[in-house]
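Numbers here simply count residues along the sequence, with the first being 1.
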Amino acid sequence: MIGQVPPKALLLAIEAAEAGPQISDLEDAPLLQNWFFIKRDGDAIRAEGDLSDHPTISDPWVTTSPVIGFHYDFGTSRGWLRSFSRWYRLGAVCEAVGDIPGPEGAVGRALAATAARLETHRNIWREGAQRKCITP
């Protein structure tokens, strides 16, 4: 999937994720509720969840394209996610059964670890995309 994204588009998506969304980016963005992150062998991190308001997908359950960045606020149960293809609004995260709610619980620790992993991914993707942009 990563190799299929044009290098300049990937660089723009990385910059956008690192800067965070503008208000206009989220106005018509699809909403993910009851979401969580997944990683398959040899694949990037993706999000799965209950989907609404997507312009082309009517299925109520979705797996996103690879995730570039996200922010989630446990206090408001809201946030945002940037995938390769688009912005998403985040609603309530899928809580683990018996977990302590909030950033100190297992879900909060998993999201913090995912954010750190995504920073590493962005750096690797940025380097690869920049090499492809410079190569004659």
Rounded at 0.5 Å granularity, tell me how far [atom1] in [X] sits from [atom2] in [Y].
X: I68; Y: S85; atom1: CD1; atom2: OG; value: 8.5 Å
X: F70; Y: I45; atom1: CZ; atom2: CD1; value: 8.5 Å
X: D99; Y: C94; atom1: CG; atom2: SG; value: 10.5 Å

ask   = Looking at residues at least two apart in the chain, or sitting in another chain, which of them share a side chain to side chain donor-acceptor pair (under 3.5 Å) with T63?
value = E48
key: Contacts of type side chain to side chain donor-acceptor pair (under 3.5 Å), residue H71, not counting sequence neighbours   = none
Residue pairs involving residues 96-124 (criterion ring-ring contact (aromatic ring centres under 6.0 Å, His included); sequence neighbours excluded) = H121-W125
key: Residue pairs fulfilling ring-ring contact (aromatic ring centres under 6.0 Å, His included) with at least one residue in residues 88-117, sequence neighbours excluded   = none
query = By side-chain contact (heavy atoms from CB on, under 4.5 Å), which residues pair with S58, not counting sequence neighbours?
reply = none
task = If a pair satisfies salt bridge (charged side-chain N to carboxylate O under 4.0 Å, His left out) and one of its residues is in residues 60-88, list it, with sequence neighbours excluded.
result = none
ask   = For T120, does its backbone N or O pair with a side-chain atom of N123 as donor and acceptor, under 3.5 Å?
value = no
key: Main-chain N/O of A47 paired to T64 side chain as donor or acceptor, under 3.5 Å   = yes
Ring pair (Phe, Tyr, Trp, His ring centres under 6.0 Å) between Y72 and F74, intermediate numbers included = CA-CA 6 Å; Y72 185 72; F74 281 95; 5.1 Å; yes
Can you give me every donor-acceptor pair (side chain of residues 5-21, partner residue at least two apart or in another chain, under 3.5 Å) with its distance?
unit_1 : atom_1 : unit_2 : atom_2 : d
E18    : OE1    : R126   : NH2    : 2.5
E18    : OE2    : R122   : NE     : 3.2
E18    : OE2    : R126   : NH2    : 2.4

N/O donor to acceptor pairs below 3.5 angstrom from side-chain atoms of residues 26-38, sequence neighbours left out:
unit_1 : atom_1 : unit_2 : atom_2 : d
Q33    : OE1    : A92    : N      : 2.9
W35    : NE1    : G91    : O      : 2.9

key: Counterpart residues, salt bridge (Lys or Arg N to Asp or Glu O under 4.0 Å), relative to D53 (two or more places apart)   = R89
task = Please answer: with hydrophobic residues joined when any side-chain heavy atoms are less than 4.5 Å apart, are F84 and V62 in the same cluster?
result = no
query = Going hydrophobic residue to hydrophobic residue with side-chain gaps under 4.5 angstrom, can you get from L51 over to L81?
reply = yes
Atom pairs and distances, side-chain donor-acceptor, residues 100-107, under 3.5 Å, sequence neighbours left out:
none

Identify all side-chain donor-acceptor contacts of residues 110-118 below 3.5 Å with residues at least two apart in sequence or on another chain.
unit_1 : atom_1 : unit_2 : atom_2 : d
T114   : OG1    : A110   : O      : 2.9

